[in-house]
Structures are given as structure tokens and as C-alpha cells.
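What follows is a set of notes on a single structure, which appears directly below.
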Protein chains: 2
Amino acid sequence: MSKPPTENMARSTKQRTAILELLESDDAFRSAQDLHAILRESGSKIGLTTVYRTLQAFADAGMVDVMRLPGGDHLYRLCGAEEHHHHLVCRSCGKTVEVAGPTVERWAGKVAAEHGFTDVGHTLELHGLCASCSK
Amino acid sequence: MSKPPTENMARSTKQRTAILELLESDDAFRSAQDLHAILRESGSKIGLTTVYRTLQAFADAGMVDVMRLPGGDHLYRLCGAEEHHHHLVCRSCGKTVEVAGPTVERWAGKVAAEHGFTDVGHTLELHGLCASCSK
DNA sequence: CCTAGAGATGACAATCATTGTCAACACCTA
DNA sequence: TAGGTGTTGACAATGATTGTCATCTCTAGG
Ligand SMILES: [Zn+2]
Ligand SMILES: [Zn+2]
Ligand SMILES: [Zn+2]
Ligand SMILES: [Zn+2]
């Protein structure tokens, strides 16, 4: 069902390593363009296209979480848990907490069944102000 | 808090009437481009820009629901209820059911509080196959 | 340690939904 | 009915993402 982590990622390259290390050092969701800019500033000659492709590959492999801004842009973040989960994101500083939603999962299933729907999936994001940004 | 339904909509024009009637006759979510194409096919000379602007105005006024496709496109649908609700959409035929999620709202508030977050909002969509499309 | 060739890269062009512009137009009220 | 103001629509501009393709580089073999 889930793809092997290395599908479409046959080789290990310095570009992929750089992106991965950058992701590991960052807690918040970042756009491909942001990551590209950061890498260039630190001396890398990596291309924007490569950043896009690599992040997509990481996402396909389940290595990163993807979320979409209201504007439609893709944001990426290193994903620890392999299990299904959702995100509580600070809209000010980007701090993100991964949360499981058993209650929601159950509710979703019930609602779907009540209306005769099958094969139901869902998208869910929480966004607010974290403790420090609240002050 | 919520804006008056007519803000940014001072006048009544045949274009707005046409769009509204089209929305009233359709149960599923449609894109601005789809609606524009339909209107043109039925003889209207309405411009694409106008369709975009009008749908946005309707959305701002809370007259229509907006949802985003995975690809990022905006879809619009006439919205009956003024209250907060979510959607259960058939990914095959587009049939849509509006559902309230008191359970989810409560859960969201609790999770947010546990992590010290304030001013928390959320996005939630359910998508599956409706009864007829399931067969 | 070499080498071949599949994979990967990056500069650049192309896509495409959406937004910006602005002159011409059409509501609505006085 | 006339005017000014909100609206419209053709067209250009935007901007993130994707497509292209010649060049480069891993890495498995030899
Ligand atoms: Zn914060
Ligand atoms: Zn879930
Ligand atoms: Zn259906
Ligand atoms: Zn809700």
C-alpha cells in the first residue's frame, strides 16, 4: 500500500542531502522557494527545479508532510511519524505540533456512513497562535 | 463581525443574476472557469474576469462556500446555512452534503488548549464516493 | 581503480489559474 | 432623463509549479 521510502530516489546526491539536512534543522513548514533561497545563501548552487522535484519525491516517499497555504502554495516539513496525523500550526511563527485525531477519525467514518458514502478520506488542519505568540 | 451581504455589491446586474441562477440550479462545487464556460454556451457574453470577481464577492458576503481542489483551484457552491459547517463531497459526481461537526469543533478546541494555542480555527473536508457512485 | 549508462541536475521555457489595469458601460437616483 | 459611480470585459501581468533537454554524476561491474 505505502511505497518504499526510496522509490524514485535511487541515488544519494549532495543536493538531496543538503535539503534533508535543512529540513532536519527546521521545525516549521517551509516552501520550496524558501528552502532554495536558504540553500543558495549558504553557498549552494542547487537549482530551484531540483528543490521542487526533491521535495515532491520526499513527499511521495512519506518522508515529509505537505500542507497548503490559503494562497495555494505548498509547504514542506520533516515528518517523524509514519502514522496518519494532523497539524496544529502557529500562523505567526510557524511552530507546528503533530496531533492524532482518533475522535475526528471516528466522527468522519460515522458521518460518511450515515450519508451512504464509502471510501471516505479527509483533510484537516488546525491553525492558531502558539503560547509565545499569544502574548 | 460578519459582513453585510451586500458589501462590495452595490448594484444588481444581469451578470450577477446569471451567475446566481446558475449556482442555484447546481448542486455540486464548480470552478469559475466551468461556470464561465456554461454561461457562454448558453449565449451569455459575460467575461471570465467578471465571473472570478463576482464569485469572490459572493464568497466574501458568505453567500457561497469555497473549497480548494488538491491542485489548488477554487470551487464554489451556493451555501444555504449561515452557520459554520463542513462538506462531504463525492469525488466522482460532485454531490455534496453539508455537515455540522460539533464533535470536531469540541475536539479542536480541546487539542488547541492542551498545547497552549489560542485563536484557533480549522479547515476540514470529507471526500468519498456517494451511495450511487459506490455501486 | 576505471567505465558505462541510468539517474539526477539546472538553466530556461512553458503552463495556467488567478489577479491587475483601464477605458467603455450600465445601473440607479435625484 | 442625466450624471457619477459601481461594473464590466478584453488584455496584460503575475507567480508558483511543471516540462524540456543537454550535461553531469553516482554507482554497480569489470
Ligand atoms: Zn507562534
Ligand atoms: Zn485524520
Ligand atoms: Zn457520486
Ligand atoms: Zn468546523
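Every chain is numbered from 1, with letters handed out A, B, ... down the list of sequences. Just so it is clear, the model here is predicted, and its values are computed rather than measured.
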Rounded to the nearest Å, what distance is computed from the [atom1] atom of residue [X] to the [atom2] atom of nucleotide [N]?
X     : N      : atom1 : atom2 : value
A:R30 : D:dA16 : CZ    : C1'   : 18 Å
A:K14 : D:dT25 : NZ    : C1'   : 8 Å
A:R16 : D:dT27 : CZ    : P     : 10 Å
B:R11 : D:dG3  : CZ    : C1'   : 11 Å
B:H36 : D:dT8  : NE2   : P     : 13 Å

- Query: At what distance, to the nearest 0.5 angstrom, does CG of A:L126 lie from CZ of A:R91?
  - Reply: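 Separation between the atoms: 11.0 Å.
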- Task: Might you point out which heavy atoms bring B:V66 and B:A59 nearest each other, and give the distance in Å?
- Result: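 Here B:V66 and B:A59 meet closest at CG2-CB, 3.5 Å.
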- What are the two closest non-hydrogen atoms of A:S134 and A:L129, and how far apart are they? OG-O, 3.3 Å
- Protein heavy-atom contacts under 4.0 Å, written 5' to 3' over nucleotides 10-19 of chain C as B (base), S (sugar-phosphate only) or - (none), form the string BBB----SBB
- Task: Specify whether B:Y76 and B:H74 have parallel, tilted or perpendicular ring planes, treating 30° as the upper limit for parallel and 60° as the lower limit for perpendicular.
- Result: parallel
- Message: Check the orientation of B:H84 and B:H122. Use parallel for under 30°, tilted for 30 to 60°, and perpendicular for over 60°.
- Response: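 B:H84 vs B:H122 ring planes: perpendicular.
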- Is a donor on one side and an acceptor on the other found under 3.5 Å between the side chain of A:S44 and the backbone of A:R40? no
